[in-house]
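Since the structure comes first, as structure tokens, the remarks are kept for the end.
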Amino acid sequence: MNLKQIATVLLGVSSLLQASAVLAASVDVSAHDIGGQVIGDKGPEAGVWVIAETKDLPTKYAKIVVTDDQGRFVIPDLPDASYKVWVRGYGLQDTAQQDARPGKLLDFKAGPSPSAAAAAQLYPAMYWYSLLEIPGPQEFPGTGDKGNKIMETMKSQAQWVDTVKNMCQSCHSIGSRGIREIPKQFMEGADSHTAWALRTQAGQAMEYMAIVLGSMGPEKVYDLFSKWTDKIAAGELPFDKPERPKGIERNVVYTMWDWASPTHYQHDAISTDKRNPTVNANGLIYGSPEESTDLIPTLDPVKNVASTIKEPYLDPKTPSSEDAPRGPSAYWGDEAIWDGHTSIHNVMMDGAGKLWFTARLRPPENPDYCKQGSSLPSAKVSPQATSLRQLSRFDPATGKWDLINTCFTSHHLYFAHDANETLWMSAGGPGLGGGIVGWLNTKQFRETGDGVAAQGWTPLVIDTNGNGKRDEFVGAKDPVDPTKDKRIMASFYGIMPSPVDDSIWGQAMDRGFSRVDQPGYIVRVMPGPDPTNTALVEAYQPPEGTFGPRGIDIGLDGVVWTVLSSGHLASFDRTLCKGPLNGPTTADGKQCPEGWKLYRLPGPQFRGLDPKGSANHAYYVWVDRYNVLGLGANVPIACTNGAESLMALVKGEFVNLRMPYPQGFFTKNVDGRIDDPSAGWKGRGIWTTSGTRANFHSEGGIEAYPKVFKVQMRPDPLAH
């Protein structure tokens, strides 16, 4: 390079730095904001994340924003503290951290990732697990231990993919660094096949892992997953790349707080009543710790204080996760990090601000009032010998608990819009719940305190004789009798009362509905005047080529939404149905294909699978009925733990709200609250929590706490 060329380069760098200073100075910040600009080798870095984190508050706190098209940013409304601030973005290496307090302007010089391999470490998990080999369709049904090592009960490739996503990926992020790299403890003196056998026996989820592996064929799973991690260890990289946030995706503001403990994971969180998002304004956020502990975490987002409440139970013989069989963990050794008795899966808030939990209160054996010979109306129709999880209520104002001993297993729960404020409960995954759906008349319970009389349940019966009422029915395994109705043994995972009529919608992952030949379907329940004896159901199978519903929600327009393990967000509008929906030949689950609409989740697909689907996976879906986030009313938001993001469908297009820090964002629910209707975007936001069972697989390792996340959308990337 000659002197003239050098002078030109230096002049260009000088001009770039001067432009940077001018632009940063033009960013308007208040005494509560931190702002500035990010410049890279080629100029302003648009669509990258700026993170400010502090340990000065009662619990660790961070806020994240995205740069605009000129690389500028404003991190708004920061509590007074000293922050570490840095930049993260696709194609970049993390910048050095700068110290700052609110009111300061910062400039960042960002450098490119040193290699393609380094850049890929920031990609969401699905980009890595899409490298996993999926057995070809010709390998199904499986031929067992003496054949291809796939279980004979594994009937199709769709069932295999559904199991990998809905049974494996739903508990922890398969493509996260903590899983795509085998811990060295398992590799010492072993090959990767053996290492996978060891790691799937580690920790207190060993028994559940064994059940899932047993349904697939353990040796086949070890073979495929060891080949997957072997090729990643050898340097294979994802074949696709994510895009930086664009358009309105750059308007997002993420706020996060630590809560609970590094050993105790959180399944869900709640901030308000879904029917009225102004309930509990500025109040505590509550979690549900499932198997990990009986300590319910709370967060005060105003004072930035995290605490806990202990859930009681009825019987001292209630089993504990501490006693579950376990193998040595690469992270915790022989320590039993979970000690929960109550298995709190889901939490809801009612209109008075009281908390309702699906919680285990006792051993599985049911009391006599649930069983054959009981005078309880529901027990006469469908006696129940056992239930795995029951119901509790907590009043934050008084600290009082009510423990409600249900005969049916509870899992998710939601309030109906009827005069009795009926609380409907799902039972859980395949094989759970005995083919019934249960409820509690909360008005009756409030008035009498009698949890036995206020509860009820019903078998799920399809109107196969087509006369519009429930009659004598044949069993689930019996052939259709055109003169009778037919029971199905669906076990609802998701459940949602409709806001437009009296129907209750459930999502079943079962494969036991004899008239549906693929994984999962959705079910409409019409309770009737006496649900125990009058409830009828309709079942609907997703369109051909799609499968695996997971989670369910309904907009104020009555449209039902679910996420599919085939890699889709799907809607179902029953008002579009043209043909008969019951009767001996039409109530087969395949009626009303015209009611469905499909939206492919963004991201790569597994090699060799239908490109109309996606390797992306969502655990659940939440509909923003009241425009809490600011993207519109009735906008569905998929909890895409494969993409480490929330994906909102706005006018047929996805808005991808990826959480970049800590890596491994994995959520199972969303909840939206309006704290101040007159404060614009600042007075509202949606809430979620770290939902993975293995938070230590995420960035931060064993020192990482589960987090509460608040997501808000401002009018532009510099609004404060």
Side-chain angles (χ1 to χ4, degrees), residues 140-142 144 151-156 158-160 162-163 166-167 211-212 214-216 364 366 370-372 378-388 407-409 411 426-438 457-467 469-493 495 504 506-526 531-542 547-549 581-591:
F140 299 94
M151 296 302 293
E152 294 92 334
T153 51
M154 190 63 63
K155 300 296 185 183
S156 68
Q159 188 177 342
W160 180 277
D162 180 65
T163 304
N166 275 336
M167 299 298 178
I211 293 171
V212 174
S215 73
M216 303 174 75
N366 269 344
C370 306
K371 300 177 181 178
Q372 189 78 42
S378 294
K380 292 180 180 179
V381 174
S382 182
Q384 301 295 307
T386 60
S387 64
L388 302 181
C407 300
F408 51 85
T409 296
H411 196 69
S426 69
L432 300 175
I436 62 172
V437 62
W457 64 93
T458 183
L460 301 173
V461 179
I462 292 180
D463 182 18
T464 45
N465 68 13
N467 68 356
K469 61 186 182 70
R470 191 162 112 186
D471 304 299
E472 184 180 353
F473 52 86
V474 299
K477 296 183 180 180
D478 297 328
V480 171
D481 181 337
T483 68
K484 298 179 180 179
D485 294 331
K486 179 175 174 59
R487 183 176 183 178
I488 60 172
M489 296 301 287
S491 293
F492 290 172
Y493 190 82
I495 193 165
I504 311 300
Q507 159 266 318
M509 294 188 290
D510 306 56
R511 300 169 187 91
F513 177 22
S514 61
R515 313 194 82 191
V516 170
D517 56 10
Q518 53 94 307
Y521 46 99
I522 63 173
V523 179
R524 180 178 187 254
V525 182
M526 294 74 71
T532 297
N533 297 287
T534 60
L536 282 171
V537 307
E538 300 162 356
Y540 297 96
Q541 177 180 334
F547 51 85
L581 303 178
N582 54 23
T585 60
T586 54
D588 61 355
K590 298 180 181 179
Q591 73 276 30

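All values reported here derive from a predicted model rather than from experimental measurement. What's counted below: heavy atoms across the whole structure, side chains too, no hydrogens, waters or symmetry copies.
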Contact check, side chains of [X] and [Y], non-hydrogen atoms, under 4.5 Å:
X    : Y    : result
T163 : M509 : no
V437 : T458 : yes
F547 : S156 : no
L460 : V525 : yes

Just by distance, do the side chain of [X] and the backbone of [Y] share a donor-acceptor pair under 3.5 Å?
X    : Y    : value
D471 : D485 : no
Q591 : T585 : no
K486 : G475 : yes

Nearest 0.5 angstrom please: [X] [atom1] to [Y] [atom2], how far?
X    : Y    : atom1 : atom2 : result
M216 : Q159 : CE    : CD    : 9.5 Å
T386 : K371 : OG1   : NZ    : 9.0 Å
N582 : I462 : CG    : CD1   : 10.0 Å
T409 : F492 : OG1   : CZ    : 14.5 Å

Do N465 and T483 pass the side chain to side chain contact (heavy atoms under 4.5 Å, CB included) test, and can you show the C-alpha distance, the side-chain angles, and the key distance before you say yes or no?
CA-CA 5 Å; N465 68 13; T483 68; 5.7 Å; no
Check side chain to side chain contact (heavy atoms under 4.5 Å, CB included) between [X] and all other residues, then give those that pass, not counting sequence neighbours.
X    : result
P141 : K155
T534 : P529, D530
M526 : R524, L536, E538
S378 : W457, T532

Please name the pair of heavy atoms, one in [X] and one in [Y], separated by the smallest distance, quoted to 0.1 Å.
X    : Y    : value
P531 : R470 : O-NH1, 4.0 Å
C407 : S387 : O-CB, 3.3 Å
M154 : W160 : SD-N, 3.6 Å
P549 : Y521 : CG-N, 3.7 Å
V474 : K484 : CG1-CD, 3.9 Å
A587 : T464 : CB-CG2, 4.4 Å

Give the intermediate values and the outcome of side chain to side chain contact (heavy atoms under 4.5 Å, CB included) for residues N166 and Y493.
CA-CA 11 Å; N166 275 336; Y493 190 82; over 6 Å; no
Those residues at least two apart in sequence (or on a different chain) that pass side chain to side chain donor-acceptor pair (under 3.5 Å) with Q384 are S382
Partners meeting salt bridge (Lys or Arg N to Asp or Glu O under 4.0 Å) with K380 (sequence neighbours left out):
none
